Asker: 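Structure provided below as structure tokens; questions to follow.
Model, not experiment: these values are computed from the prediction. Every heavy atom of this structure was used, including side-chain atoms; hydrogens, water molecules and symmetry mates were not.
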Amino acid sequence: MSTLEFGLETFGDVTKGIDGHKKEQAAVLRDVLEEAQLADRLGVDVFSVGEHHRDDFAISTPETVLSAIAARTERIRVGSAVTVLSSDDPIRVFQRFSTINAISNGRAEVILGRGSFTESFPLFGYPLHQYEELFEQKLEIFAQLAKTGEVTWSGTIRPPLNEQKVYPPIEGGGSLRTLIGVGGSPESVVRAARFGFPLVLAIIGGSADRFAPFANLYRQSLAKMGSEQLPIAIHSIGHVAETDEEARNQLFPGWAESFGRIGRERGWGSTMSRAHFEQEAGPAGALYVGSPDTVAEKIVRSMSVLGASRFDMKYANGPMPHEQLMSSITLFATEVIPRVRKALES
């Protein structure tokens with residue numbers, strides 16, 4: 001098995017203050033910096049922030065936040081979760097992350113994805129009917145840059161590039177650590193293998209078992225292309241407290257509010273029931289919520305089923321207070337991670 005890694009993720013979910021009112025996005029961003037510093041001090045391997053363009057999430061420019069985190073931390077790797085490459089410029093994305101890599105002394109990574117939200121497409125002037133075409137061609141450009149810092153390319157979405165060098169280069173002539181985030185499309189899994197990037201499986205509903213075919217397809221695709229086997233990571237929602245009951249009671253209101261809002265937008269339904277929450281919080285669900293023992297046990301099983309070597313927990317979910325998030329980070333780092341490492345490394 002590859003070296004085990006554990007990460008924390010946030011989209012800068014807008015939280016509630018001690019007065020019960022939602023904080024301004026500026027205050028949330030400052031809280032995220034504090035959360036990242038705590039994760040760094042406690043030995044978490046990776047801290048990632050996601051890109052959104054909505055009033056319920058504060059982070060719209062992950063690279064700006066990551067630069068601030070990089071300057072305030074010492075050892076933790078900093079990355080995106082995810083960068084919506086389809087509605088961005090691949091050259092600028094490389095430049096921004098190669099800059100973060102320099103600032104952090106080689107600690108930057110980028111997770112590229114097509115995104116599960118579409119707000120960025122009209123915002124930046126990209127047509128949704130080119131959803132697939134934009135990602136494929138931009139990934140072709142980015143893949144060359146990530147590995148060599150130079151690109152020769154032609155396609156339909158922009159003028160061609162010929163031996164174009166992009167600056168700043170990765171220090172020491174190395175490559176930019178790049179992963180591909182996938183929500184459950186076989187085509188996306190094969191694409192990640194084809195470009196030779198590690199795979200991140202976003203599991204936000206149901207059991208990890210149903211993603212086993214995607215993990216197997218990824219390994220088979222790498223083998224068919226004669227490529228070395230690459231790591232697989234899991235991204236899921238979670239929250240840790242002293243007891244299962246406390247953790248569930250803390251997470252449910254924020255989870256229900258966040259997913260209820262998204263459900264109304266997408267036609268899933270206007271409310272998310274406690275029964276559905278409890279199902280997802282159970283052994284066969286996608287929520288890693290509970291005491292350190294409960295969460296660790298569930299992570300061990302999921303990583304074993306998928307042969308994954310990395311688990312990233314989205315620790316901020318809806319308007320949960322900053323203080324609860326800090327406590328969850330502490331328990332995840334000091335109680336959950338050691339339990340999982342001991343179980344998997346034995």
Asker: Does Glu9 use its side chain to pair, donor to acceptor, with the backbone of Ala81 at less than 3.5 Å?
Answerer: no
Asker: Is a side-chain donor or acceptor of Arg339 paired with a backbone partner of Glu297 at a separation under 3.5 angstrom?
Answerer: no
Asker: Please indicate whether Glu74 has more than 12 foreign heavy atoms, meaning atoms of other residues, nucleotides or ligands, lying under 6.0 Å from its CD.
Answerer: no
Asker: Is there a path of hydrophobic side-chain contacts, each under 4.5 Å between heavy atoms of I, L, V, M, F, W or Y residues, that connects Phe97 with Val46?
Answerer: no
Asker: So His52 and Phe117, would you call those rings parallel, tilted or perpendicular, with 30° and 60° as cut-offs?
Answerer: perpendicular
Asker: How far does CD of Gln250 sit from OG of Ser328, to the nearest 0.5 angstrom?
Answerer: 8.5 Å
Asker: Go through the structure and list residues passing side chain to side chain contact (heavy atoms under 4.5 Å, CB included) with Arg92, not counting sequence neighbours.
Answerer: Asp89, Gln95, Arg96
Asker: Looking at Val44, is its backbone amide N or carbonyl O close enough to the side chain of Arg75 to form a donor-acceptor pair, meaning the two atoms are under 3.5 Å apart?
Answerer: yes
Asker: Using 0.5 Å steps for rounding, measure from the CZ atom of Phe311 to the CG atom of Leu306.
Answerer: 10.5 Å
Asker: Please report the interatomic distance CG(Leu134) to CD(Glu136), rounded to the nearest 0.5 Å.
Answerer: 11.0 Å
Asker: Assess, by modelled atom type and distance only, whether the side chains of Arg194 and Ser221 contain a donor and an acceptor separated by less than 3.5 Å.
Answerer: no
Asker: Please report the closest heavy-atom contact between Thr10 and Ala316, naming both atoms and the distance.
Answerer: OG1-CB, 3.4 Å
Asker: Using only heavy-atom distances, determine whether the side chains of Ser302 and Tyr288 contain a donor-acceptor pair under 3.5 Å.
Answerer: yes
Asker: Check this for me: Asn105, atom CG, are more than 12 non-hydrogen atoms of other residues, nucleotides or ligands nearer than 6.0 Å?
Answerer: no
Asker: So which heavy atom on Val300 is nearest to which on Ser304, and how close?
Answerer: O-OG, 2.7 Å
Asker: Would you say that Ile157 contacts Glu133 through its side chain, given a criterion of any heavy-atom pair below 4.5 Å between the two side chains?
Answerer: yes
Asker: Are Ser185 and Glu187 close enough that a side-chain donor and a side-chain acceptor fall under 3.5 Å?
Answerer: yes
Asker: In the structure I gave you, are the side-chain heavy atoms of Leu145 and Leu176 within less than 4.5 Å of one another anywhere?
Answerer: no
Asker: Which residue pairs pass the ring pair (Phe, Tyr, Trp, His ring centres under 6.0 Å) test with at least one member in residues 236-258, sequence neighbours excluded?
Answerer: Phe252-Phe277, Trp255-Phe259, Trp255-His276, Trp255-Phe277
Asker: Might you work through the salt bridge (charged side-chain N to carboxylate O under 4.0 Å, His left out) test for Asp13 and Arg54, ending with a clear yes or no?
Answerer: CA-CA 10 Å; Asp13 303 53; Arg54 307 163 49 93; over 6 Å; no
Asker: Just wondering, are more than 12 heavy atoms of other shown residues or ligands nearer than 6.0 Å to CD1 in Ile204?
Answerer: no
Asker: Quick one about Trp153 and Gln144 (side-chain donor to acceptor, distance below 3.5 Å, no hydrogens or angles considered), yes or no?
Answerer: no
Asker: Going by distance alone, is a donor N or O of one side chain under 3.5 Å from an acceptor N or O of the other, for Gln137 and Thr156?
Answerer: yes
Asker: Start with the C-alpha distance between Arg310 and Asp312, add both sets of side-chain angles, then the distance that settles salt bridge (charged side-chain N to carboxylate O under 4.0 Å, His left out), and finish with yes or no.
Answerer: CA-CA 7 Å; Arg310 171 169 160 179; Asp312 289 353; 2.9 Å; yes
Asker: Is a side-chain donor-acceptor pair under 3.5 Å present for Thr64 with Ser67?
Answerer: no
Asker: Quick one: pull up CZ in Phe142 and CZ in Phe195 and give me the separation to the nearest 0.5 Å.
Answerer: 12.0 Å
Asker: Say whether, by atom type as modelled, one donor and one acceptor occur between the side chain of Ser207 and the main chain of Asp209 under 3.5 angstrom.
Answerer: yes
Asker: What is the ring orientation for Phe211 with Phe214, classed by angle as parallel under 30°, tilted 30 to 60°, or perpendicular over 60°?
Answerer: tilted
Asker: Which residue pairs pass the salt bridge (Lys or Arg N to Asp or Glu O under 4.0 Å) test with at least one member in residues 228-251, sequence neighbours excluded?
Answerer: Arg248-Glu278
